[in-house]
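First up is the structure itself, then whatever we jot down about it.
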There are 2 protein chains.
Amino acid sequence: MDASLLTIQPNAPEPIYRQIVEQLRRLIASGQLVTGDLLPSVRDVAGFHAINPMTVSRAYGLAENEGLLERLRGKGMAVAATQRAAHTQVQRLALLEPQLLELARHARELELPPDPVLRRLSKLLEE
Amino acid sequence: MDASLLTIQPNAPEPIYRQIVEQLRRLIASGQLVTGDLLPSVRDVAGFHAINPMTVSRAYGLAENEGLLERLRGKGMAVAATQRAAHTQVQRLALLEPQLLELARHARELELPPDPVLRRLSKLLEE
DNA sequence: CCATGTGTATCAATACAACAATACACTAGG
DNA sequence: CCTAGTGTATTGTTGTATTGATACACATGG
C-alpha cells in the first residue's frame, strides 16, 4: 500500500486533490482497493510526489465525505466498510459515461465515422 | 452563421473561452467551417449565451494566434485562408488522441475489459 | 459625416489551488 | 509513560485563472 499507488500529474488542468479522489473512486470500484485496506499516509504521499500534505488531506477528507474512506484515529485512512465489494461491470461502466459522452460529441464535431475511433481506442485498451 | 453554432456549458469545469477555441478547431478540421466563413460577432455570441463579450473576444484572439481565424477589420472574424481544406481522417483522429488516452487509463483503473467500453461508445457514436 | 457595427486593451473583482508553518488530538508500540 | 506515527484545523501567502465593466480605435454603409 505504498505511495506509488497514486498517479499524479501536477501540470494537468484538473486540481491535484480531485485527481486523487477520482482515482480512489475507480480503484475501489474495481476492487484493487477493498474494505479495510490502509491507504498511504498523507505525509508519505506528499513526500513521494513532492506536494503539500494538506492537499492530500483535503482529498482524503472529500473521499471520506463521499463514504469511500473512513478515518481510523491514530492509524490513518482505510477503505470504508460500506464499500463491500467491487462494483459490477455495469456500475463501473457508468463511471465512464460522462467521458464517453464528451468523446462522442467531439467525434461528431469532427465528423469522424465510428469505425476509426473505435479501432484506435481498441488499440489503446489492449496495452 | 448565427450564434447558435457554438455550444457552451457555463457550468463545465473547462473555461468558456477554451470551450469555444476547441470547438472551432474541430468545426474547421471537419470542414463544417471553411476558409472565408464569417463568424458570429462577439456581441451576438455573448448575448445569445448570456456571457461576457470579452470572454468571446479572448477565444477569438487565441484562435487567431493559432492561425485558425483571421481578423477582417470592421467586419469581424473569419476562418483563415491558411485553413485550405478539411483535414484528413487521420489528422482529425489525432485531435481526439489525448481524450482517448485518458479514457483508456481510466478504463484500466476500473479494470474494465475493452469489449463493454467499445460497445457503449459505439452506441453513442451512432446517435 | 455619422451612426452602427466590428474587435480589444485595460483594469478590477473574484475565486481557486497549492503551499507553508504551526499546533493539536489521537493511537499504537516499545 | 513516551515516542513516533496517524489526520486535521488554522492562518496566511502566493500565483494564477476566469470573468466582468468600461472605454477606445477602427471600418462599413448610408
Side-chain angles (χ1 to χ4, degrees), chain A residues 1-3 5-24 33 36-81, chain B residues 1-3 5-24 33 36-81:
Chain A
M1 198 54 41
D2 74 48
L5 179 105
L6 297 173
T7 299
I8 291 181
Q9 299 164 328
N11 296 334
E14 190 179 8
I16 296 174
Y17 75 91
R18 209 175 310 167
Q19 290 183 42
I20 296 177
V21 176
E22 297 303 320
Q23 216 167 139
L24 288 176
L33 289 179
D37 278 355
L38 217 55
L39 289 153
S41 80
V42 295
R43 289 174 180 80
D44 278 359
V45 176
F48 185 85
H49 292 100
I51 60 181
N52 193 289
M54 282 310 298
T55 302
V56 183
S57 175
R58 183 176 179 185
Y60 280 7
L62 288 177
E64 185 191 18
N65 288 348
E66 281 191 36
L68 292 173
L69 304 183
E70 62 187 351
R71 193 174 46 179
L72 306 183
R73 282 177 299 184
K75 299 196 68 175
M77 302 294 282
V79 177
Chain B
M1 197 55 43
D2 75 48
L5 179 106
L6 297 173
T7 299
I8 292 181
Q9 300 164 327
N11 298 334
E14 190 179 9
I16 297 174
Y17 74 89
R18 210 176 307 168
Q19 290 182 42
I20 296 177
V21 175
E22 297 303 320
Q23 215 167 142
L24 288 176
L33 289 178
D37 278 356
L38 216 56
L39 288 151
S41 80
V42 295
R43 287 174 181 80
D44 278 359
V45 175
F48 185 86
H49 292 99
I51 59 181
N52 192 288
M54 277 311 299
T55 302
V56 183
S57 173
R58 184 173 179 184
Y60 281 7
L62 288 177
E64 185 191 18
N65 289 346
E66 282 190 35
L68 292 173
L69 304 182
E70 62 187 349
R71 194 175 44 178
L72 307 182
R73 281 176 301 183
K75 299 194 73 174
M77 302 293 283
V79 177

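The sequence lines fix the lettering, A, B, ..., with proteins before strands; numbering per chain opens at 1.
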Give [X] one of three labels, base, sugar-phosphate or nothing, depending on what nucleic acid heavy atoms sit under 4.0 Å from its own.
X     : value
B:S57 : base
A:I16 : sugar-phosphate
B:R43 : base
A:I51 : sugar-phosphate

Establish, with yes or no, whether the OP1 or OP2 oxygen of [N] is under 4.0 angstrom from a side-chain nitrogen or oxygen of [X].
X     : N      : answer
A:Y17 : C:dA17 : yes
A:R58 : D:dA9  : no
B:R71 : C:dT8  : yes

Distance check needed: [N] [atom2] versus [X] [atom1], whole Å only.
X     : N      : atom1 : atom2 : result
B:Q19 : D:dT18 : CD    : P     : 11 Å
A:Q9  : C:dA17 : CD    : P     : 17 Å
B:I20 : C:dG7  : CD1   : P     : 12 Å
B:I8  : D:dT18 : CD1   : P     : 14 Å
A:E70 : D:dG7  : CD    : P     : 14 Å
A:L72 : C:dA28 : CG    : P     : 9 Å
A:E64 : D:dT6  : CD    : C1'   : 13 Å
A:L62 : C:dC16 : CG    : P     : 14 Å

Any side-chain heavy-atom pair from A:I16 and A:N52 closer than 4.5 angstrom?
no
Check: A:D44 and A:D2 side chains under 4.5 Å, non-hydrogen atoms:
no
For A:L24 versus A:A63, what's the shortest heavy-atom pair and its separation?
CD1-CB, 4.3 Å
Mind listing the closest non-hydrogen atom pair of A:A3 and A:H49 along with its distance?
O-CE1, 3.3 Å
Out of [options], whichever nucleotide has its closest atom nearest the side chain of [X]:
X     : options                : answer
A:R73 : C:dC26, D:dT19, C:dT10 : C:dC26
A:V42 : C:dA17, C:dG7, D:dT8   : D:dT8
A:N52 : D:dG20, C:dT6, C:dA20  : C:dA20
B:K75 : D:dT6, D:dT28, D:dT18  : D:dT28
A:T55 : D:dT19, C:dG7, C:dC19  : C:dC19
B:S41 : C:dT6, D:dT8, D:dT19   : C:dT6
A:M54 : D:dT10, C:dG7, D:dT6   : D:dT10

Roughly how far, to the nearest 0.5 Å, is CZ of A:R18 from OG1 of A:T55?
13.0 Å
The answer to which of A:G74 and B:G74 contacts DNA chain D further toward the 5' end, by nearest nucleotide, is A:G74
side-chain contact (heavy atoms from CB on, under 4.5 Å) between A:V21 and A:E66: does it pass, once the steps are laid out?
CA-CA 10 Å; A:V21 176; A:E66 281 191 36; 3.8 Å; yes
